Amino acid sequence: GVVRALETGRGRVVVRARARIEEQPNGREWIIIEEIPFQVNKGKLLENIGQLVNEKKLEGISDLRDESDRDGMRIVFEIKRDAMANVVLNQLYKYTQLQQTFGVNNVALVNGRPQLLNLKDCIKHYVAHRHEVVVRRTQFLLAEAEKRAHILEGLLIALDHLDEVIALIRASVSPDEAREGLMAKFGLSELQSRAILDMRLQRLTGLERDKIREEYDELMKTINYYKEILASEPLRMSIIRDELLEMREKYGDARRTSIEFTSGDLSMEDLIPNDEVIITISHEGYIKRTLSSEIRVQNRGGRGAKAAATKNTDFIEHLFTAMTHNYLIFFTEKGKCYWLRVYEVPEGSRQSKGRAIQNLIQIDPDDKVKTFITVPNLKDEDLLNNTSVVMCTKKGIIKKTFLEAYSRPRTNGINAININDDDELIEAKLVKPGEEIVLALRSGRAIRFNDDQTRNMGRNSTGVRGVKLANAQDAVIGMVIVRDPSATLMVVSEKGYGKRSSIDDYRITKRGGKGVKTISITAKTGPLISIMSVTDTTNDLMIITKNGITIRMKLADIREAGRATQGVRLIKINDGDEIAAVTKVMEADEDEVNEELEGGAGAVTGAVDSAPAGPEADSGE
């Protein structure tokens, strides 16, 4: 706005309060306001902010105090633990008078006509005005100096003929006769004659005569200087410059208003670091995000650490990793999708419950979020037109649609897939041409086929059959997109058993078949509940149970086994508990891992058994 105003003469200038963020010893953040915009009344401002907080239009503020005193202004906003100070500050700028907009409209009279002037025009006309001032001022001063010099010339003539002047004045009957006599005898003007007659007798002394001579000589120098000014434009411009410098020295001081990026130039991503976070969603729909570094690494077979405070009837159902700048696209079991930025998900500690997802997106009361995808940017045309969203349902239906169809967020969501009455959506993932799709069943079987086995369809279509179920109790439990032929498939059963198998063990077939065995299902293992692709064994595996117990272990610690084996025990499951979600996360910082492992079970909240379990592996078809 400032640049536009200078270039065109018209623009909008945004003025913001001066604010800073303080982190307190207890880990909470405060927003400190040290200056508010010009002409904003502080009392009305605070009253308006309090009203917005009560109406829940401003969220994340737990307390507001005015600590201003004679030393300066200080307004304190205490931020809730699950809120981000940068986001709250941005909301304050957006909804309150902490940010004001001033309109610039440089209209001035130029030669009697109004004109819109940009910065260059303003300078040009101002310099022209100053030039006119200098010329007219010099002409006036020259006329005054010449008038004074004319009088001094008459006085000098009178002093040079002093005796004759005195005799003429004494012989005159009246002042008018004396004036006319002086004008006639010495060739003086009327003005000079009047000055001689008005001259006091003390000016006739020798000292006064010298002063008159000196004044005349100085005056002649001044007159010559004035004439030089009127004859030389560069000299006039030099005078203008010197006078401006003099004004700067006399009245100038340091800039008081800082010029920074406005809200139009500053995006939310600039305020929030792009960190890796873990998103958890409970069975009853509570969502939160936690920095992945808060969950420490343990040995395989441990009991894990308490991850979230949930009710007896609730449990953690979904857990996945994302970057804070990503877009979250939520897909519900009824086939609708909604959008949310990761940084808009409330931040919570490992033990916090989170916030009801219905407060963040306008999901139907009888619907629930079932799966998610993360997208770096919904405005990337190449990504939107060369990437598809592939979805699968519990009954084995699969559908593929270009990502571009889901790139226009709506508050109340859109239809993503047409779901039959006895079916529900369970998985949605991004797929590119040439990649492969693996569908896994609760019965322990999996099918692998190319993505070109299904064509791209519209948003409201139902899809085609992707896998044939073994029986009425069987169901699809997960889907994997194979992007790396060297990847291994990680499978986990309901009672905590799992393994990694080479992708080459799964032959490529056509969609709609029964698939092959991916894990040996027994009463000890329970049915299959999770499948994922593993391309980097330096990453970690995180498992969370329905009672909120989490464990994080190295994927490299889970050995590779044949697809028909039952695998090894990954986590000890208490009676009445079972695994709710499994995900892989980036490798933790080595120093942090070592510190946690050396600290033992007492380093985290909850009972931790970090003793490794034995490799209880079985084989057999």
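For this chain, numbers begin at 1 and follow the sequence in order. Everything numeric here is computed off the predicted structure, so don't read it as measured data.
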Out of curiosity, I239 CD1 to S232 OG, how far, rounded to the nearest 0.5 Å? 9.0 Å
So, E190 and R194, do they make that salt bridge, N to O below 4.0 Å? yes
L182 versus I196: any side-chain heavy-atom pair under 4.5 Å? yes
Under 6.0 Å between ring centres: does that hold for F330 and F372? yes
Can you see whether D176 engages S174 through a side-chain donor-acceptor pair at a distance of less than 3.5 angstrom? no
So, E47 versus Q51: side-chain donor-acceptor pair below 3.5 Å or not? no
Without hydrogens or angle criteria, can the side chains of R16 and Y93 be said to hold a donor-acceptor pair below 3.5 Å? no
Under a 4.0 Å N-O cut-off, is there an ion pair linking R137 with E132? no
Indicate whether the side chain of R236 and that of T138 have a donor and an acceptor atom separated by less than 3.5 Å. no
To the nearest 0.5 angstrom, please state how far the CD atom of E144 sits from the CG atom of L141. 8.0 Å
Can you measure from NZ (K80) to OG (S62) and round to the nearest 0.5 angstrom? 7.5 Å
Validate the cation-pi geometry between R341 and Y327: distance from NZ or CZ to the six-membered ring centre under 6.0 Å, angle to the ring axis within 45°. yes
Do the ring planes of F331 and Y406 sit parallel (below 30°), tilted (30 to 60°) or perpendicular (above 60°)? perpendicular
Can you tell if the side chain of L383 reaches within under 4.5 Å of the side chain of L378, non-hydrogen atoms only? no
Measuring from atom OG1 of T96 to atom CD of Q91, what distance do you get when rounded to the nearest 0.5 angstrom? 10.5 Å
Stepwise salt bridge (charged side-chain N to carboxylate O under 4.0 Å, His left out) test for E7 and K120: CA-CA 8 Å; E7 290 179 342; K120 184 177 180 180; over 6 Å; no
Would you give me the side-chain donor-acceptor pairs under 3.5 Å for residues 147-160, sequence neighbours excluded?
unit_1: R148; atom_1: NE; unit_2: E215; atom_2: OE2; d: 2.9
unit_1: R148; atom_1: NH2; unit_2: E215; atom_2: OE1; d: 3.3
unit_1: R148; atom_1: NH2; unit_2: E215; atom_2: OE2; d: 3.1
unit_1: H150; atom_1: ND1; unit_2: Q192; atom_2: NE2; d: 3.4
unit_1: H150; atom_1: NE2; unit_2: S189; atom_2: OG; d: 2.6
unit_1: E153; atom_1: OE2; unit_2: Y216; atom_2: OH; d: 2.8

Cation-pi geometry met for R20 and W30 (6.0 Å, 45°): no
